[in-house]
Amino acid sequence: MTSKSTTNARLLLLPMVLWSAWLPGILGQNVPFEYHDYPQLTELLQEFHQNYSDITHLYSIGTSVEGRELWVIAISDNPTVHEKGEPEVNLVGNIHGNEVVGKELLLHLLSHLTGGYGQNGTISSLVNSTRVHLLPSMNPDGFNNSWVGDCHSVWGRGNARDYDLNRNFPDKFEENTAPLQPETRAIMNWTTHIPFSLSAILHGGALVATYPWDNTPLGEYGRSEYSRCPDDDIYRHLALTYSENHDNMHQGDVCSGDYFVNGVSNGAQWYPIKGGMQDWVYIHGECLTITLELSCCKYPPADELSDFWDDNKNSLMELLLQTHQGIKGQVFINGTETPVAGAAVAIGDRDNSFHTTADGEYWRILLPGLYDVTVSKDGYTSETRTVTVPDNLTFSAAVEDFYLVGNGNSSAPNASVPSLTFIIALTLLCLRIM
């Protein structure tokens with residue numbers, strides 16, 4: 001016979017059972033402050049996608065040497081598609097298998113964004129206006145060969161073939177003969193097929209935010225020197241945004257043996273490398289990409305992860321918000337709503353340009369101020385306009401659309417072709433005049 005107290009206890013438990021499926025969406029899904037191996041990472045990402053299916057999209061960009069999926073989870077109000085005019089951001093962790101803090105921070109950022117959506121105004125506005133892609137582990141094979149407490153060795157740094165993935169990309173300044181690895185190819189394909197405008201790569205072993213160029217004309221064995229890229233001003237701003245919002249990075253001398261003014265450095269001024277990811281993504285993905293060194297110890301004890309999250313939470317959020325700083329828009333054929341794909345968008349005399357998407361979209365992250373913006377493409381007359389980037393942008397860059405006029409060159413896409421009737425009429429008119 002069941003006692004009255006047992007019956008009451010079961011009745012009290014019933015609502016908890018009924019609500020258990022909904023609790024993650026109400027309270028937020030917590031991520032324990034511990035390291036997650038590949039099976040645990042996969043299970044956790046699948047749980048997040050299941051619990052927040054309306055704002056997350058879980059997909060793989062490829063597999064590692066040993067066949068592990070390179071999981072990415074996207075967070076947005078329409079997470080499965082690119083929305084016209086909406087910027088795309090990616091954060092990549094664990095490019096070096098034994099540098100693990102960034103991998104765990106991205107899982108906590110995922111929890112922060114999904115749990116705060118609908119509860120926190122800033123998070124909700126960010127998710128509604130941006131698609132954020134998180135790749136917690138670019139090198140799961142290397143992570144599988146690493147161990148807790150290893151602060152300085154290179155064991156597990158490379159992939160399963162022992163290639164350093166941050167030395168594996170084609171280089172701007174010198175030939176890179178290292179064979180491309182599957183993880184590298186996956187990144188190259190991913191960053192050239194989604195129109196990312198902002199990216200960060202999370203490392204460990206120091207505490208600094210660095211930016212291009214990572215190499216110099218002297219090559220990786222040349223001296224360390226400042227190697228200035230065309231967007232040096234905005235790159236310094238992005239690095240300082242992270243450092244100044246970090247609890248410790250801005251101090252500049254947190255890790256023994258290193259000193260970085262305000263916690264930032266040009267990559268090659270620290271030390272030049274050949275085949276770095278951030279330079280390649282900047283050039284070929286046309287995406288502003290910085291490197292974040294987030295811990296003095298590469299693989300610190302798990303009981304320090306909570307402190308790392310506290311140190312980096314504000315920095316990560318402020319960095320994501322920078323994707324709405326600057327200008328964006330579309331390029332059309334004048335007098336129509338037909339977009340111009342592949343048009344070059346250049347800023348002033350900067351020695352680079354970014355190109356429009358198939359829908360004619362572009363994004364340029366810029367500091368507040370006045371800029372001469374030139375849009376050009378073969379077959380059209382280029383247009384230059386002075387635009388203003390205000391200093392009070394929040395969740396949308398300043399919108400500047402451009403309309404290009406065909407110059408009569410038959411190579412111009414969608415150029416109008418004279419009709420047969422028009423040609424006959426023009427011929428008859430010429431004959432009459434003669």
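We count residues from 1, following the sequence as given. These values consider heavy atoms only, across backbone and side chains, with no hydrogens, waters or symmetry-generated copies.
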Within the 4.5 Å heavy-atom criterion, are [X] and [Y] side-chain neighbours or not?
{"X": "T56", "Y": "Q50", "value": "no"}
{"X": "S137", "Y": "W71", "value": "no"}
{"X": "T291", "Y": "L202", "value": "no"}
{"X": "E361", "Y": "H82", "value": "yes"}
{"X": "P300", "Y": "V101", "value": "yes"}
{"X": "I327", "Y": "V373", "value": "yes"}
{"X": "F395", "Y": "L126", "value": "yes"}
{"X": "N98", "Y": "W147", "value": "no"}

A cation-pi test, strictly: NZ or CZ of [X] under 6.0 Å from the centre of the six-membered ring of [Y] and no more than 45 degrees from its axis. Yes or no?
{"X": "R167", "Y": "Y163", "result": "no"}
{"X": "R385", "Y": "F402", "result": "yes"}
{"X": "K328", "Y": "Y362", "result": "no"}

Flag, side chain of [X] to backbone of [Y], donor-acceptor distance under 3.5 Å:
{"X": "Q325", "Y": "L366", "value": "yes"}
{"X": "N245", "Y": "T241", "value": "yes"}
{"X": "S315", "Y": "H246", "value": "yes"}
{"X": "S124", "Y": "G121", "value": "no"}
{"X": "T184", "Y": "L180", "value": "no"}
{"X": "Q330", "Y": "D359", "value": "yes"}
{"X": "N266", "Y": "Q269", "value": "yes"}
{"X": "N51", "Y": "E47", "value": "yes"}
{"X": "S295", "Y": "C297", "value": "yes"}
{"X": "H36", "Y": "E34", "value": "yes"}

Can you tell me if [X] and [Y] form a side-chain donor-acceptor pair at under 3.5 Å?
{"X": "T374", "Y": "T384", "answer": "yes"}
{"X": "D231", "Y": "N352", "answer": "yes"}
{"X": "T130", "Y": "H324", "answer": "yes"}
{"X": "Y117", "Y": "D77", "answer": "no"}
{"X": "D214", "Y": "Q278", "answer": "yes"}
{"X": "Y226", "Y": "D232", "answer": "yes"}
{"X": "Q322", "Y": "H237", "answer": "yes"}
{"X": "D164", "Y": "H96", "answer": "yes"}
{"X": "T323", "Y": "E88", "answer": "no"}
{"X": "Q181", "Y": "N159", "answer": "yes"}

Walk me through whether E86 and S76 qualify under side-chain hydrogen bond (donor to acceptor under 3.5 Å, both in side chains). CA-CA 10 Å; E86 184 172 288; S76 185; 3.1 Å; yes

Give the intermediate values and the outcome of ring-ring contact (aromatic ring centres under 6.0 Å, His included) for residues H284 and F169. CA-CA 11 Å; H284 300 281; F169 289 80; 9.7 Å; no

With E66, which residues qualify under side chain to side chain contact (heavy atoms under 4.5 Å, CB included), at least two apart?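 E66 satisfies side chain to side chain contact (heavy atoms under 4.5 Å, CB included) with S64, R68, D141, A160 only.
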
So, using side chain to side chain contact (heavy atoms under 4.5 Å, CB included) as the criterion, who are the partners of L218 when residues are at least two apart?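 Residues passing side chain to side chain contact (heavy atoms under 4.5 Å, CB included) with L218: T216, R223, E225.
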
Tell me, with the steps shown, if E183 and L165 meet side-chain contact (heavy atoms from CB on, under 4.5 Å). CA-CA 8 Å; E183 299 91 344; L165 299 179; 3.7 Å; yes

Between C287 and F354, does a side-chain contact (heavy atoms from CB on, under 4.5 Å) hold up when you go through it step by step? CA-CA 9 Å; C287 170; F354 291 176; over 6 Å; no

Atom pair [atom1] ([X]) and [atom2] ([Y]), whose distance is rounded to the nearest 0.5 Å:
{"X": "R350", "Y": "I234", "atom1": "CZ", "atom2": "CD1", "value": "8.0 Å"}
{"X": "T289", "Y": "L238", "atom1": "OG1", "atom2": "CG", "value": "9.5 Å"}
{"X": "T114", "Y": "Y52", "atom1": "OG1", "atom2": "OH", "value": "4.5 Å"}
{"X": "N128", "Y": "E83", "atom1": "CG", "atom2": "CD", "value": "9.0 Å"}
{"X": "I365", "Y": "L288", "atom1": "CD1", "atom2": "CG", "value": "5.0 Å"}
{"X": "I194", "Y": "N90", "atom1": "CD1", "atom2": "CG", "value": "8.5 Å"}

Take the SG atom of C151, take the SG atom of C296, and say whether they are under 2.5 Å apart.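 No; the two sulfurs sit 2.5 Å or more apart.
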
Between [X] and [Y] (judged by ring centroids, cut-off 6.0 Å), do the two rings come close enough to count as a pair?
{"X": "F260", "Y": "W270", "result": "yes"}
{"X": "W213", "Y": "Y282", "result": "yes"}
{"X": "F196", "Y": "H133", "result": "yes"}

Look at the rings of H57 and Y59 and say which category their plane angle falls in: under 30° parallel, 30 to 60° tilted, over 60° perpendicular.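 Aromatic pair H57/Y59 classed parallel.
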
Could you walk me through whether Y299 and Y35 pass ring-ring contact (aromatic ring centres under 6.0 Å, His included), step by step? CA-CA 10 Å; Y299 203 150; Y35 291 112; 4.8 Å; yes

Are R157 and E99 close enough, and set up right, to give a salt bridge (charged side-chain N to carboxylate O under 4.0 Å, His left out), and what steps lead you there? CA-CA 7 Å; R157 176 185 178 90; E99 298 173 13; 3.4 Å; yes

